Amino acid sequence: MMAKIKLRVNGKPVFLDTDYNRRLLDVLREDLELKGPKEGCGEGECGACAVLLDHQVVNSCCVPLANCIGKDIVTIEGYAMTSRYKILKEAFEEEGAVQCGFCTPGMMIAAESLLNKNPNPTDEEIKIGLSGNLCRCTGYNMIIKAIKRAAKAGEGIW
Ligand code: FES
Ligand code: FES
């Protein structure tokens, strides 16, 4: 069904005239040229397409545009402009938690959502927080270490 839709993406108002049943992932990548969110499984299982929807991490391959009307969406492109992202990125690099990088945008978005709710997570809480995000390269220990490092480096910021 076609509809006029307004939402905010990376802090800017966006107006669309499109089918509200389309997947948020397609709208971001095709209409808004935001290629950071990736299509992995397309079924809500890998987290490569993760974005923040009103500060909550969601898999944009499973979210119809209709659920985003009037909401705030942040993709990795928008998040990359923040000081929190810089802390996370450095921590991921220092711990060797990025290899092919395919999962990294989704991982960072999930980590942001986790640290926003819980600035000092335990290993177990990090595992749960990232349970929707798959990485086939690094092994999760480096990712857990990176998030702990970021939590420490960004104390008072999260
Ligand atoms: Fe969306 Fe895998 S592409 S969860
Ligand atoms: Fe390759 Fe995670 S770094 S899938």
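Ligands are counted one by one from 1 in listed order, and the atoms in each one are counted from 1 as well. Each residue takes its place number in the sequence, starting with 1. The figures here come from the full heavy-atom set of this structure, side chains too, leaving out hydrogens, waters and symmetry mates. Predicted model only: the values in this text are computed from it and were never measured.
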(request) Indicate if the distance from atom 1 (Fe) of ligand 2 to the nearest N, O or S atom of Cys100 falls below 2.8 Å. (result)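 Looking at Cys100, which is the residue asked about, there is an N, O or S atom under 2.8 Å from atom 1 (Fe) of ligand 2.
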(request) Please determine if atom 1 (Fe) of ligand 2 has an N/O/S atom from Cys135 lying under 2.8 Å away. (result)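 Cys135 does not place any N, O or S atom closer than 2.8 Å to atom 1 (Fe) of ligand 2.
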(message) Suppose I only count heavy atoms of Gln99 and a 4.0 Å limit; which atoms of ligand 2 are within that range?
(response) 3 (S)
(message) Only heavy atoms of Arg136, strictly under 4.0 Å: list the atoms of ligand 2 that pass.
(response) 4 (S)
Should you measure from each heavy atom of [X], which atoms of ligand 1 turn up under 4.0 Å away?
X	value
Gly47	2 (Fe), 4 (S)
Cys61	1 (Fe), 3 (S), 4 (S)
Gly40	3 (S)
Cys41	2 (Fe), 3 (S), 4 (S)
Gly42	2 (Fe), 3 (S)
Gly44	4 (S)

(request) For residues Ile73 and Cys68, determine if any side-chain heavy atom of one lies less than 4.5 Å from a side-chain heavy atom of the other. (result)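 In short, these two side chains touch, coming nearer than 4.5 Å.
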(request) Decide yes or no for Arg23 and Val63: does some side-chain heavy atom of the first lie under 4.5 Å from some side-chain heavy atom of the second? (result)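 No, every pair of side-chain atoms sits at 4.5 Å or beyond.
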(message) Counting only heavy atoms not in Lys6 (residues, nucleotides, ligands), do more than 12 fall under 6.0 Å from its NZ?
(response)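 Open: at most 12 neighbouring heavy atoms sit under 6.0 Å from NZ of Lys6.
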(message) With a sphere of 6.0 Å drawn around NZ of Lys35, does it hold more than 12 non-hydrogen atoms of other residues, nucleotides or ligands?
(response)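 Above 12, so yes.
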(request) Kindly give the heavy-atom pair with the smallest separation between Lys148 and Asp123, and that separation in Å. (result)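 Here Lys148 and Asp123 meet closest at NZ-OD1, 2.6 Å.
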(request) Measure from the side-chain N and O atoms of Gln56 to the backbone N and O of Leu53, and report whether any donor-acceptor pair falls under 3.5 Å. (result)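 No: the side chain of Gln56 does not pair with the backbone of Leu53.
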(request) Assess Cys46: does it contribute an N, O or S atom lying under 2.8 Å from atom 1 (Fe) of ligand 1? (result) no
(message) For a distance under 2.8 Å, tell me if Cys49 has an N/O/S atom near atom 1 (Fe) of ligand 1.
(response)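 An N, O or S atom of Cys49 is closer than 2.8 Å to atom 1 (Fe) of ligand 1, so yes.
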